[in-house]
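See structure below.
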There are 2 protein chains.
Amino acid sequence: MSGDPTHGHDFIADCRTRIAFDLLSGTWTGVVLAALHDGPLRPGELRDRIGGVSHKVLTGTLRRLERDGLVARRRYAEAPPRVEYELTGPGRGLLEPIAALARWTEVHADAVLAAQERAELSGR
Amino acid sequence: MSGDPTHGHDFIADCRTRIAFDLLSGTWTGVVLAALHDGPLRPGELRDRIGGVSHKVLTGTLRRLERDGLVARRRYAEAPPRVEYELTGPGRGLLEPIAALARWTEVHADAVLAAQERAELSGR
DNA sequence: CGGTATCCTCGGGGATACTG
DNA sequence: CAGTATCCCCGAGGATACCG
C-alpha cells in the first residue's frame, strides 16, 4: 500500500502534485486546516487554538484557503454578526495527507531536528 | 484508520507537525523527494526528470534536504568525479505522505483549479 | 470582533556568469 | 558536470493602526 508513490502518475513531467504542495505552502495553512478538523470555528477561536499567528496573517491565510475552495466562509446575520469558517469537500480531503505528515513527524521529527542542529554546529 | 487525523496529538498547541510542513515548504522540495523515489540520481538526471528548475535552485534545494537529513550526498572518487543523491530513512518515510497528496490531487485538483479560476474572474 | 490598509523585512526563486 | 557567487524581484510574514 505504501509501495509505489508514483504508481503511474507523472510526478515529474507535468507535475500536478505540485498543486497540492503549493496549496499547503503557507506557514499556517496546514495548521488552520487541521484546526478546522472537528467543526466550524470563528476567527477568534482559531487564533486562540493556534497561538502565535498574527491577526492579519490568519485572515490572509483564510482568504487564500477560501479562494482555493478548501474552506468556506459562513456569515450569520445576528445581533452581533458572527462569522465561521469550515472545511469544504476538498479541504476535508486534505486531512488524510496531513494526518500522514503528522504520523511521519512522530517517527522522524527528532532525527531531523538532530540533523539540523548538527549542521548548525559544524559548517553552517 | 483514516478516521481522526488529530487522534490525540496536539496539532495546535505546541504544533510539531509544522516541522513537516516547513520541510516541504520549498517549491521543489517535494518534487525532488518524489524524483528520488526509485533510487539515487545525479544532479543532471534530476534536472532532466523534473524540468523547469534552474541549476542554482536545485542545488539549493538539495543543500536544504541534506541539511535536514532527508537526502544523502554520495561522492565517488572516480575518473570523472561523480555525485549522487539518495533518500535517507526519514526522507524515504516522507514518500507515503507525498503519495497521499498525490492521491488527493487526482480527486480534488480540478475542483481547486476551478475555484481559483472562479475567484480570478469575479473579484480577483 | 472581524477585516482591511500601510509599511517593513527577509528569504526563496530565478537568470546569469564564473570556478573546480 | 557540479557548485558557488552576484544581483534582482516578488510575495509571505509580521507589527501597527484604523474602519465596519
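Order of the sequence lines sets the chain letters (A, B, ...), proteins ahead of strands, with each chain counted from 1. These values consider heavy atoms only, across backbone and side chains, with no hydrogens, waters or symmetry-generated copies.
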**Fill in**
Per-nt protein contacts along nucleotides 10-20 of chain C (heavy atom under 4.0 Å; B base, S backbone sugar-phosphate only, - none) come out as ---BBB-----
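Considering OG1 of B/Thr59 and CZ of B/Arg64, their distance stands at 13.0 Å, rounded to 0.5 Å.
For residues 86-114 of chain A, the pairs satisfying ring pair (Phe, Tyr, Trp, His ring centres under 6.0 Å) are A/Trp104-A/His108, with sequence neighbours left out.
Scanning for side chain to side chain contact (heavy atoms under 4.5 Å, CB included) contacts around B/Ala72 gives B/Glu86, B/Thr88, with sequence neighbours left out. Considering only residues two or more places apart in sequence or on other chains, A/Glu117 meets the side-chain hydrogen bond (donor to acceptor under 3.5 Å, both in side chains) condition with none of them. For A/Val57, the side chain to side chain contact (heavy atoms under 4.5 Å, CB included) partners are A/Trp28, A/Val53, A/Ser54, A/Thr61, not counting sequence neighbours.
Backbone-only engagement by B/Arg73 is indicated by non-hydrogen atom pairs under 4.0 Å involving sugar-phosphate atoms exclusively. Using a 4.0 Å heavy-atom distance criterion, A/Arg63 is classed as a sugar-phosphate-only contact. Residue-level contact check: B/Arg42 touches the backbone only, with heavy atoms under 4.0 Å from sugar-phosphate atoms and none from bases.
Rounding to whole angstrom units, CZ of residue A/Arg82 and P of C/dG3 are separated by 13 Å. If you take OH of A/Tyr76 and C1' of C/dC1, they are 17 Å apart, rounded to a whole angstrom. One can place CG of A/Leu46 at 12 Å from C1' of C/dG2, the figure rounded to the nearest angstrom.
Side-chain contact between A/Leu24 and A/Leu33 is present, with heavy atoms from C-beta onward closer than 4.5 Å.
Comment: B/Arg63 does not engage B/Asp68 in a salt bridge, judged by the lack of any side-chain N to carboxylate O separation of less than 4.0 angstrom. A salt bridge links A/Asp38 with A/Arg49; the closest basic N to acidic carboxylate O contact falls under 4.0 Å.
On the nucleic acid side, DNA chain D contacts chain A at distances under 4.0 Å to non-hydrogen atoms, with the end points of that region at D/dG13 to D/dA15.
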